[in-house]
Amino acid sequence: MMKKFIKWFMIISIILVALFLTGLGFYISSIYMSAKAMEINEDILTSSTLSLNVFDMDNKPIKEENSISHSYAKIDTLNPHTKQAFISIEDKVFYKHKGVNFKRIAKAGLNNLKSHSLKEGASTITQQLIKNTQLSSEKTYDRKIKEVALAQKIEKMYNKDQILEFYLNIIYFGNNCYGIESASNYYFSKSAKDLTLEESCTLAGMIKSPAKYSPIKHQENCLNRRNLVLKE
């Protein structure tokens with residue numbers, strides 16, 4: 001009798017799991033496909049005067065509805081070590097993936113399940129660009145799915161250097177500095193094209209948390225973070 005009960009229990013459990021996974025698949029697919037149909041707002045990517053929401057690495061809003069006017073840094077004017085500093089700490093395989101690093105997402109997903117939170121996002125540079133220019137601040141699985149879909153879409157519209165250029169010109173560096181040109185002038189009194197390796201690593205390290213890693217208010221934190229970027 002017990003064996004028969006266990007057998008039916010296992011069968012019913014398998015059916016329920018299969019139904020759940022099927023439903024989850026349909027749910028994810030519907031959100032993904034609807035996001036794929038969304039239009040990319042290209043104006044916000046290239047304009048030097050923007051109105052956008054900017055978020056830190058923990059998806060906390062820095063400020064909302066900022067009107068930003070800043071000098072735009074062209075990617076071909078930057079030193080190779082400046083570009084590499086951001087890639088090394090933010091997205092090591094930036095030039096290899098197609099907008100999304102699924103290995104990082106899977107790892108972050110497992111860690112989030114263990115911690116019962118959405119603390120880890122595993123966003124690529126492309127996804128961060130999408131999050132800060134195309135989507136709202138909601139921290140949900142729905143937004144993450146949309147982020148993935150739009151990141152893949154924008155990778156088909158622009159090449160990697162263009163995407164990196166957009167990204168470097170919208171990220172927040174603290175003290176109302178949006179974009180690498182503004183940050184370079186504010187913190188080092190020079191154009192972004194003249195940044196040294198150490199200065200580039202300082203700015204790249206800041207974007208995870210501009211307040212925590214500020215070279216003005218938290219020099220020790222900033223130095224430690226810069227050294228981490230140098231090692232990457």
Side-chain angles (χ1 to χ4, degrees), residues 45 54-60 73-115 118-135 139 143-174 179-181 183-184 192-193 195-210 212-213 215 221-232:
L45 297 174
V54 179
F55 309 91
D56 64 19
M57 292 297 288
D58 295 320
N59 205 46
K60 296 178 181 178
K74 299 292 290 183
I75 195 72
D76 56 6
T77 67
L78 300 177
N79 287 310
H81 60 242
T82 299
K83 294 181 283 187
Q84 188 56 40
F86 287 86
I87 291 170
S88 67
I89 196 65
E90 291 297 310
D91 188 358
K92 287 184 176 64
V93 294
F94 173 67
Y95 283 102
K96 296 180 180 179
H97 63 63
K98 296 182 179 180
V100 183
N101 186 336
F102 287 104
K103 288 184 178 178
R104 283 182 65 186
I105 288 178
K107 183 178 179 181
L110 289 173
N111 291 336
N112 288 336
L113 285 174
K114 291 177 182 177
S115 63
L118 288 174
K119 186 175 182 180
E120 292 190 34
S123 293
T124 62
I125 281 174
T126 312
Q127 287 175 265
Q128 291 180 51
L129 175 65
I130 289 295
K131 178 177 70 174
N132 283 325
T133 63
Q134 309 293 322
L135 297 174
K139 196 170 185 180
R143 189 195 59 76
K144 197 67 179 178
I145 296 168
K146 292 176 184 177
E147 184 182 296
V148 167
L150 291 176
Q152 292 176 323
K153 185 171 184 174
I154 202 172
E155 287 264 347
K156 294 179 180 179
M157 298 170 61
Y158 300 98
N159 64 43
K160 288 290 187 179
D161 282 344
Q162 289 175 308
I163 290 171
L164 183 60
E165 180 178 297
F166 298 150
Y167 169 77
L168 290 175
N169 280 286
I170 61 96
I171 48 179
Y172 184 63
F173 293 90
I180 192 170
E181 187 67 27
S184 181
K193 66 183 177 63
L195 287 169
T196 66
L197 172 61
E198 290 75 13
E199 291 165 346
S200 299
C201 290
T202 296
L203 293 181
M206 286 180 64
I207 57 178
K208 181 177 182 180
S209 178
K212 182 178 179 180
Y213 299 113
N221 286 348
C222 180
L223 183 61
N224 290 336
R225 181 71 177 169
R226 184 207 70 179
N227 291 341
L228 175 63
V229 179
L230 283 168
K231 291 178 182 178
E232 293 292 326

- [ ] Could you go through the side-chain contact (heavy atoms from CB on, under 4.5 Å) check for Leu164 and Ile87 one step at a time?
- [x] CA-CA 9 Å; Leu164 183 60; Ile87 291 170; 4.1 Å; yes

Task: Backbone N/O of Ile180 and side chain of Asn169: donor-acceptor pair under 3.5 Å - done: no

Task: side-chain contact (heavy atoms from CB on, under 4.5 Å) evaluation trace for Leu78 with Phe86 - done: CA-CA 12 Å; Leu78 300 177; Phe86 287 86; over 6 Å; no

- [ ] Would you give the length of the straight line joining atom CD1 of Ile125 to atom OH of Tyr95, rounded to the nearest 0.5 angstrom?
- [x] 8.0 Å

Task: Atom pair NE2 (His81) and NZ (Lys83), whose distance is rounded to the nearest 0.5 Å - done: 10.5 Å

Task: Rounded distance [0.5 Å steps], CD in Glu90 versus CD1 in Ile171 - done: 7.5 Å

Task: Shortest non-hydrogen separation from Tyr172 to Pro210 and the atoms involved - done: O-CG, 3.6 Å

Open item on the list: Distance check, rounded to the nearest 0.5 Å: Ile154 atom CD1 versus Ile130 atom CD1?
Closed with: 4.0 Å

TODO: Please round to the nearest 0.5 Å and tell me the distance separating atom CD of Gln134 and atom CD of Glu147.
DONE: 11.5 Å

Task: Closest approach of Gln152 to Val100 (non-hydrogen atoms, all atoms of both residues) - done: CG-CG2, 3.9 Å

Task: Residue pair Arg143, Lys131: steps toward the side-chain contact (heavy atoms from CB on, under 4.5 Å) verdict - done: CA-CA 9 Å; Arg143 189 195 59 76; Lys131 178 177 70 174; 3.7 Å; yes

Open item on the list: If you define the side chain from C-beta out and look only at heavy atoms, does anything of Pro215 sit under 4.5 Å from Met206?
Closed with: yes

Task: Exercise: identify the closest heavy-atom pair between Thr124 and Gly99 - done: OG1-O, 2.7 Å

Task: Any Asn224 side-chain heavy atom under 4.5 Å of Tyr213 side chain - done: no

TODO: Grab the two heavy atoms, one from Thr82 and one from Ala192, that are nearest each other, plus how far apart they are.
DONE: OG1-O, 4.4 Å

Open item on the list: With a 6.0 Å cut-off (strictly less than), is the heavy-atom count around NZ of Lys212, excluding the residue itself, greater than 12?
Closed with: no

- [ ] Return each pair, listed once, that meets salt bridge (charged side-chain N to carboxylate O under 4.0 Å, His left out) where at least one residue sits in residues 148-157; pairs must be two or more places apart or across chains.
- [x] Glu155-Lys160

TODO: Using a 4.5 Å cut-off on heavy atoms from C-beta on, say whether the side chain of His97 contacts that of Asp91.
DONE: yes

Task: Min side-chain heavy-atom separation Leu45-Ile170 under 4.5 Å - done: no

TODO: Starting from the C-alpha separation in whole Å, work towards a yes-or-no answer on side-chain contact (heavy atoms from CB on, under 4.5 Å) for Thr133 and Phe166.
DONE: CA-CA 10 Å; Thr133 63; Phe166 298 150; over 6 Å; no

Task: Side-chain H-bond candidate by donor/acceptor type, Lys144 with Ser123, under 3.5 Å - done: yes

Task: Shortest non-hydrogen contact from Arg225 toward Ile89 - done: NH2-CG1, 3.7 Å

Open item on the list: Any non-hydrogen side-chain atom of Asn227 less than 4.5 Å from a side-chain atom of Leu223?
Closed with: yes

- [ ] Using modelled atom types only, decide if a donor and an acceptor are shared between the side chain of Ser88 and the backbone of Ala85 within a distance under 3.5 Å.
- [x] yes

- [ ] Could you grab the distance from atom CG of Leu197 to atom CZ of Arg226, nearest 0.5 Å is fine?
- [x] 8.5 Å

Task: Residue pair Asp161 / Asn159: nearest heavy atoms and the distance that separates them - done: N-OD1, 3.1 Å

Task: Expected output: side-chain Glu165 to main-chain Ile75 donor-acceptor under 3.5 Å - done: yes

